Amino acid sequence: MSGLSRDDIIRMAREAGLEQTVSIAPDGSSRIVSCPPIEPLERFANLVAAAEREACAKVCDEKVAADYATGKVDHNEIGWTQACAFTIRERGAP
């Protein structure tokens with residue numbers, strides 16, 4: 001899975017109030033005022049998701065490093081923690 005789907009991004013943009021709207025001018029004419037193009041919004045959402053995934057994976061890495069630093073090494077627990085970090089990072093792989 002690589003990031004968020006286009007449908008997810010559109011849904012979240014709408015939830016955030018970035019919907020297409022119609023503006024009525026004082027003379028009665030109307031024009032469409034829309035949200036930004038979806039492509040930059042999609043790239044932005046995927047960058048944010050990637051940064052959040054990496055932050056979560058680093059928490060796992062720091063737990064492993066702390067266990068080794070304190071000498072409290074449970075190899076089974078460390079293995080699971082490393083697997084979690086790997087899996088979190090893989091969610092962003094193509």
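Bear in mind that the values here come from a model prediction, so they are computed numbers and not experimental data.
With sequence neighbours left out, the salt bridge (charged side-chain N to carboxylate O under 4.0 Å, His left out) criterion links Glu62 to no other residue. For Arg43, the salt bridge (charged side-chain N to carboxylate O under 4.0 Å, His left out) criterion is met by no residue, not counting sequence neighbours. When the side-chain contact (heavy atoms from CB on, under 4.5 Å) test is applied to Cys60, the partners found at least two apart in sequence or on another chain are Thr81, Cys84, Ala85, Ile88. Applying the side chain to side chain donor-acceptor pair (under 3.5 Å) rule to Glu54 yields the partners Arg89; only residues at least two apart in sequence or on another chain are considered.
Hydrophobic side-chain contacts under 4.5 Å tie Phe44 into a cluster, directly or through other members, with Val48. Annotation for Val73: hydrophobic cluster partners, listed by chain and number, are Val64, Tyr68, Ile78 (ILVMFWY side-chain heavy atoms under 4.5 Å, direct or chained).
Taking CZ of Arg91 as the reference point, atom CD of Glu52 lies at 11.5 Å (rounded to 0.5 Å).
Listed by first then second residue, pairs satisfying salt bridge (charged side-chain N to carboxylate O under 4.0 Å, His left out) with a partner in residues 64-88 read Lys63-Asp67, Lys63-Glu77, not counting sequence neighbours.
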